[in-house]
Amino acid sequence: MRGGGGTPEALRRSLAVLILCAALALTGCKAKDGAAPSVDDGTPSASATPVTPAPGASAAAPGTAPAAKPSKAAKPTLAGGSATMRAVEKPKPPAPSTTSTCDHKMPISPDEIAVYRYTPEGGFHSLIVKHGNWGCGAPDTDGAPFETVGVETFIPIAEDAKITAVTPIVESTENEKVTLQQLIDWLVSHPDQGLVFRYHLGPGAEIDTLDQVFTP
């Protein structure tokens with residue numbers, strides 16, 4: 001069949017070419033419709049874009065909860081539950097020096113006594129007194145004490161003795177004359193005051209002159 005348009009071999013070739021073209025056309029259409037799904041084999045894709053964390057944010061480890069914020073430091077608590085610090089105690093001032101230039105070994109005053117009470121025992125007037133001497137300083141300048149020694153004793157006083165007194169027996173800082181009875185009355189109502197007097201003994205071993213020493 002030469003006049004029929006070709007040999008059977010030529011027809012087979014033409015049919016094969018047509019089938020190939022149809023297959024290629026079909027493949028191109030599928031490519032246009034969408035890419036075939038890829039199989040996940042556990043290997044990260046090279047085209048994946050790394051995610052950059054925001055500034056200041058810290059990445060937490062997988063499976064670990066973010067750490068809690070630290071709480072404010074607790075205030076120090078003193079014994080007894082008080083959070084207030086006690087004021088620091090001020091240091092005590094040093095004790096005054098006890099060094100003294102006063103000579104306490106001076107002899108007992110021969111004409112001064114501290115008068116404590118009055119007694120009429122024995123049938124005559126007597127003053128209960130103690131002997132002693134002044135401490136450091138003069139009594140009329142800095143109020144130095146009259147330091148007594150020994151035990152109480154008594155000295156008779158004449159009824160007509162010349163007596164002068166100052167405060168607190170009288171309201172005066174200068175010696176004023178008083179009677180023996182005035183002195184006795186004051187000593188009875190104010191016993192054991194230890195007021196200091198300068199005295200003199202007369203011929204009968206009785207006080208004939210008695211002058212109170214003013215102390216500020």
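Quantities reported herein were computed from a predicted structural model and do not represent experimental measurements.
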Colleague: For the CG atom of Leu183 and the OH atom of Tyr118, what is their distance to the nearest 0.5 Å?
Modeller: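 Between atom CG of Leu183 and atom OH of Tyr118 there are 10.0 Å.
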
Colleague: Evaluate the side-chain proximity of Ile184 to His125: yes if any heavy-atom separation is below 4.5 Å, no if none is.
Modeller: yes

Colleague: Return the set of residues passing ring pair (Phe, Tyr, Trp, His ring centres under 6.0 Å) with Tyr199 (not counting sequence neighbours), or none when no residue passes.
Modeller: none

Colleague: Quick check: is Val129 connected to Ile163 through a chain of hydrophobic side chains (ILVMFWY, heavy atoms under 4.5 Å apart)?
Modeller: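 Yes, Ile163 and Val129 fall within the same hydrophobic cluster.
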
Colleague: If you look only at distance, which donor and acceptor atoms sit under 3.5 Å apart when one is on a side chain in residues 153-160 and the other is two or more places apart or in another chain?
Modeller:
none

Colleague: So, taking the atom named NZ in Lys130 and the one named CZ in Phe146, what distance separates them when rounded to the nearest 0.5 Å?
Modeller: 11.0 Å

Colleague: Regarding Arg117 and Asp192, does a basic nitrogen lie under 4.0 Å from an acidic carboxylate oxygen?
Modeller: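 Judged by the 4.0 Å cut-off on N to carboxylate O distance, Arg117 and Asp192 do form a salt bridge.
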
Colleague: May I ask you to test the Thr209-Phe197 pair for a side-chain heavy-atom distance under 4.5 Å?
Modeller: no

Colleague: Atom CD1 in Ile113, atom OG1 in Thr148: separation rounded to 0.5 Å?
Modeller: 12.0 Å

Colleague: Just how far is it from atom CG of Leu210 to atom CG of Leu180, taken to the nearest 0.5 Å?
Modeller: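 Output value for this atom pair is 9.0 Å.
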
Colleague: Say you draw a straight line from NE2 of His131 to CG of Asp111; how long is it, rounded to the nearest 0.5 Å?
Modeller: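 Spacing of NE2 (His131) from CG (Asp111) equals 9.5 Å.
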
Colleague: Do the side chain of Glu112 and the main chain of Ser109 share a donor and acceptor less than 3.5 angstrom apart?
Modeller: no

Colleague: Where is the tightest heavy-atom contact between Ala161 and Ile207, given as atom of each residue plus distance?
Modeller: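 Nearest heavy atoms, Ala161 then Ile207: CB-O, 3.5 Å.
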
Colleague: Hey, are the side chains of Ile169 and Gln212 touching, using non-hydrogen atoms and a 4.5 Å cut-off?
Modeller: yes

